[in-house]
Engineer: 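Okay, here's the structure, questions in a sec.
Lettering follows sequence order; numbering is per chain, from 1.
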Amino acid sequence: LKELIRETINGLKKKGVDYADLRQVKRISENIKVKNREVEGVSKSEDLGFGIRVLYKGAWGFASSNIISKGEYKRIANLAVEIARASSLAQKEPVRLAENEVYKDKYVSPCEIDPFKVSLDEKLNLLISACDIMLKNPGIKVADVSLNFFRTEQIFANTEGSLIEQIITESGGGATATAAKDGETQWRSYPNSHGGDYATRGYELIREMNLLKHMERISEEAVALLSAPECPAQETTVIISGNQMALQVHESCGHPIELDRVLGTEISLAGGSFMTMDKLGQLRYGSPKVNIYADATTPGGLGSFGYDDEGVKAQRTDIIQQGRFVGYLTSRETAPLLKQRSNGTMRADGWNRIPLIRMTNINLAPGEVNLEDLIADTQQGLFLDTNKSWSIDDKRLNFQFAVEVAREIKNGKLGQMYKNPIYTGITPEFWNTCDAVCNQNYWHVWGVPNCGKGEPMQTMHVGHGVAPARFTKVKVGGSR
Amino acid sequence: MTGKEKIFSLINPIIKKSPADQTEAVVINSQAGLTRYANSTIHQNVFEVNSKIYFRVALGKKIGVASTNLLDKESMKRALEDAVTIAKNQKKTPDFTGLPLKTSYKKLKTYSKKTANFTPLQRAQEIKKIFEMAAKRNFTVAGAFSTGESELAILNSNGVACFQPVSSAYINITAMSDNSSGYADGLSRNVDNLDIESLTETAIQKCLDSKNPQALEPGEYTVILEPKAIAELLEWMNYIGFGAKSYQDGTSFLSGKVGQKIMGENVSIYDDGNDDMSMAFPFDFEGIPKKKIFFVQKGVAKGVVYDSITANKDKTKSTGHALTPDSPDRALALNLFIKGGDSNLKKMVESTERGILITRFHYINGLIDTNNAVMTGMTRDGTFYVEKGKVRHGIKNLRFTESMLKAFSNVEQLSRQRKLISSWWSDIGCICVPAMKIKNFRFTGKTEF
């Protein structure tokens with residue numbers, strides 16, 4: 001196979017391409033979902049193919065196929081060149097790529113327990129037991145639990161001589177208890193909503209989640225929410241839980257720092273960014289407590305890898321330093337505009353997609369306080385926990401999140417529960433009110449497996465290392 | 001594409017030899033090209049050939065599903081074995097009573113050879129014309145133009161044998177100035193039906209008309225929602241409310257309300273896979289013919305769509321809306337319609353004392369309060385202030401947070417003309433809706449552009 005890849009790359013060189021790369025990717029996955037003790041679905045899938053990206057006379061072409069044969073490699077390589085020729089018909093400036101090292105390497109993500117070797121019986125028993133606990137509570141109508149596992153094996157080669165193999169294993173799962181009464185439903189999730197938590201780790205992640213320990217609590221909380229008062233509209237201090245902070249960082253920092261988006265290439269679908277290039281080094285994005293960095297080397301992070309999908313080594317880049325905006329996520333095409341080399345964030349959702357600038361692990365550095373001390377230090381406010389919905393404008397300024405539950409904070413103590421809480425803000429105004437981030441003891445890398453971008457749509461797995469944080473003067477309200 | 005006879009002769013022997021009690025195969029072959037442009041330059045140009053075969057097997061009431069994108073005999077054999085192994089180790093699915101039986105489905109013309117064979121060069125030539133039209137106004141443009149073909153076959157051990165080839169062409173165009181933007185899009189099975197010049201003119205005019213937008217305070221306004229904006233709301237209503245699963249879980253805004261009036265009498269929402277006004281597709285992923293299903297008829301909640309398993313749970317029959325065998329959502333409406341009225345955009349504007357005309361929304365989310373269909377989202381790419389029957393000027397974008405049960409109870413006018421709007425499932429369906437004028441629509445926030 002490597003010989004076939006080498007031959008194809010050499011053939012493209014002979015055609016006079018400026019640059020070409022080829023990725024052959026095999027992905028296997030296993031998805032298990034149990035609802036109310038019944039197995040809703042167990043499925044296994046295999047996906048294999050290759051994609052060839054060509055820069056020819058400064059224009060891009062990309063072609064891909066699931067047919068693995070010498071003839072198809074040649075046909076797809078020729079087609080990629082033909083597509084690049086078509087692109088040049090309506091292109092203003094030729095693309096120039098930043099320099100990159102040549103690598104011959106292999107990267108294997110850490111995995112203590114191979115999730116594909118753990119028996120289906122063990123997995124199903126865990127999920128059914130979780131349902132059993134949730135359904136002991138008579139107020140619970142739906143108990144949902146799921147596990148998902150992925151293994152991606154990739155070979156990357158380019159005309160500069162790089163040949164990189166990567167094997168990345170990902171695991172994830174979670175549970176949701178839904179309570180219903182009189183036409184109303186409320187739910188609580190563990191360890192996170194929208195499918196739980198994910199990491200580039202093996203089945204050890206699932207065991208460490210200790211799902212069964214938390215099922216009784218989330219069931220009780222879901223039922224209690226049904227009779228809780230609606231979250232009152234107010235401007236107040238909020239402490240945001242770690243899993244919600246992950247999405248807050250994702251939407252209001254992770255996306256607007258994608259340099260392709262800043263340059264307008266995502267404008268028609270995902271939108272642009274308020275963090276334009278004139279603001280680099282100038283914008284006071286947040287308070288001095290806010291330090292955010294991109295790090296594709298974060299151990300276990302769902303956005304961790306050895307090399308990105310144009311062969312740039314995984315690295316760490318500062319984004320926000322003591323509140324000041326200092327860095328973007330870049331590619332080999334966009335980095336020269338900053339007179340930099342790529343910081344390695346080009347990622348593709350499989351063999352049949354072209355790499356785009358994507359988040360890796362966008363992490364909020366831990367602060368110094370304990371969560372308990374932060375709550376004790378808060379006279380009046382709300383503790384907002386676990387995402388329910390998310391929305392942000394197409395320049396990433398006006399955001400609105402709903403969370404599963406709010407808890408009143410009064411005189412330094414957690415009080416009553418409120419349902420349907422929503423909070424909203426303007427990104428830099430919001431981050432400038434951050435007056436505390438919890439310390440390393442509360443810092444966790446949350447995996448977000450459903451980040452969408454691009455046409456055709458690409459779903460990326462990214463990570464966010466965060467801890468709970470406190471913000472002042474936040475507009476909060478209920479959904480009704 | 002592979003073609004019906006070849007797929008059937010490849011898959012039928014595998015089903016016959018399967019050790020399972022019952023076996024189903026879903027085959028999807030596709031090839032598609034997509035050209036993206038922004039800043040009036042092509043920046044991505046991609047092509048893909050792919051396949052997928054799902055095997056769903058049953059051992060009694062134990063079900064296993066496995067899939068591969070490799071259609072060689074060895075890979076398919078391995079996928080089938082995986083499905084059988086999963087079924088053996090599975091628990092029973094009580095509501096599974098067997099794979100569907102053979103039935104006939106409507107013959108529909110869903111394929112255009114010209115569209116299937118449209119080349120990257122042809123797409124680039126069309127896009128170049130868009131650049132030239134925008135340049136005359138000193139605007140830049142961004143968007144995507146895709147063309148492609150697929151074929152879908154469903155076979156099972158009960159004799160189900162369905163096959164349908166489809167093609168699709170889709171273009172979206174955003175024209176941009178330094179402080180405004182305008183949007184238009186088009187979708188068809190046949191690339192010849194895309195009036196790209198007219199769509200470009202629409203996007204450019206919207207961009208021009210919305211220059212130098214003024215700020216408007218949030219609050220309740222009469223809104224005139226163009227079909228794209230309506231479709232974006234309907235897509236979320238579908239996801240949270242029109243499938244059997246959310247209905248049975250009690251999270252749907254239709255749960256417990258069938259037979260009750262939940263919207264205005266002028267609102268009828270339905271799914272019809274056989275109406276070739278839309279991107280018709282005659283059967284679902286179990287090979288069951290699609291039935292026309294009303295979710296809301298003259299304002300009254302009517303029901304939801306089912307696959308065979310969710311139908312058994314409610315002691316009813318499948319409506320022909322099963323998704324792929326690995327989908328946890330089970331059933332979804334893919335050919336959505338809202339019945340048109342007798343108005344048009346011009347009449348809506350002329351009859352409005354004070355309101356907002358909205359081209360489309362951005363980043364809607366409908367998970368806030370699904371029982372009341374509460375959603376939030378931002379306006380974008382052409383939002384205008386209307387006063388005393390005329391469009392006055394562009395306005396900076398606003399955030400809405402609103403219950404669709406309330407909004408669709410406040411519909412004052414619907415346009416006679418309906419438009420096809422693309423969705424993520426557009427090879428096998430889309431959304432076909434009118435423009436709508438709605439009173440007392442709630443905006444809760446604003447942004448800086």
Engineer: Can a salt bridge be assigned to the pair A:Lys419 and B:Asp369 using a cut-off of 4.0 Å between side-chain N and carboxylate O?
Structural biologist: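 No, no charged N to carboxylate O under 4.0 Å.
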Engineer: Taking heavy atoms only and a threshold strictly under 4.5 Å, list by residue number the residues of residues 42-52 of chain B that touch chain A; give 'none' if the list is empty.
Structural biologist: B:Ile42, B:His43, B:Gln44, B:Asn45, B:Val46, B:Phe47, B:Glu48, B:Val49, B:Asn50, B:Ser51, B:Lys52
Engineer: So which residue, B:Ser146, B:Gly377, B:Pro94, ends up with the most heavy-atom pairs under 4.5 Å with chain A?
Structural biologist: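 The residue among B:Ser146, B:Gly377, B:Pro94 with the greatest pair count is B:Pro94.
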Engineer: Could you check whether any side-chain N or O of B:Asn371 sits under 3.5 Å from a backbone N or O of A:Glu184, counting only pairs where one atom can act as donor and the other as acceptor?
Structural biologist: no
Engineer: Is the closest side-chain donor-acceptor distance between A:Glu455 and B:Asn172 under 3.5 Å?
Structural biologist: yes
Engineer: Have A:Gln400 and B:Thr376 got a donor and an acceptor in their side chains that come within less than 3.5 Å?
Structural biologist: yes
Engineer: How close do B:Tyr363 and A:Ser391 get, heavy atom to heavy atom, and via which atoms?
Structural biologist: O-OG, 2.7 Å
Engineer: Pick one of side chain, backbone, both or neither for B:Thr444, based on which atoms fall under 4.5 Å of a heavy atom in chain A.
Structural biologist: side chain
Engineer: Under 3.5 Å, is there a donor on one side chain and an acceptor on the other for B:Asn69 and A:Asn66?
Structural biologist: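 Side chains of B:Asn69 and A:Asn66: no pair found under 3.5 Å.
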Engineer: Partners of A:Ile267 by side chain to side chain contact (heavy atoms under 4.5 Å, CB included), sequence neighbours excluded?
Structural biologist: B:Ala142, B:Met176
Engineer: State which residues pass salt bridge (Lys or Arg N to Asp or Glu O under 4.0 Å) with B:Lys129; sequence neighbours excluded, sorted by chain then number.
Structural biologist: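 Partners of B:Lys129 by the salt bridge (Lys or Arg N to Asp or Glu O under 4.0 Å) criterion, ordered by chain and then number, come out as B:Glu126.
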Engineer: Mark yes or no for whether A:Ser268, through its side chain, and B:Thr174, through its backbone, hold a donor-acceptor pair below 3.5 Å.
Structural biologist: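 Judged by distance alone, no pair lies under 3.5 Å.
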Engineer: Check whether the side chains of B:Arg399 and A:Thr424 place a donor and an acceptor atom closer than 3.5 Å, and report yes or no.
Structural biologist: no
Engineer: With sequence neighbours excluded, tell me which residues meet salt bridge (Lys or Arg N to Asp or Glu O under 4.0 Å) with A:Lys35.
Structural biologist: A:Glu40, B:Asp249
Engineer: Nearest heavy-atom pair of B:Arg380 and A:Gly271: which atoms, and what distance?
Structural biologist: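 For B:Arg380 versus A:Gly271, the nearest heavy atoms are NH2-CA, 4.0 Å.
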Engineer: Need one label for B:Ser255: side chain, backbone, both or neither, based on atoms under 4.5 Å from any heavy atom in chain A.
Structural biologist: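 For B:Ser255, no heavy atom lies under 4.5 Å from chain A.
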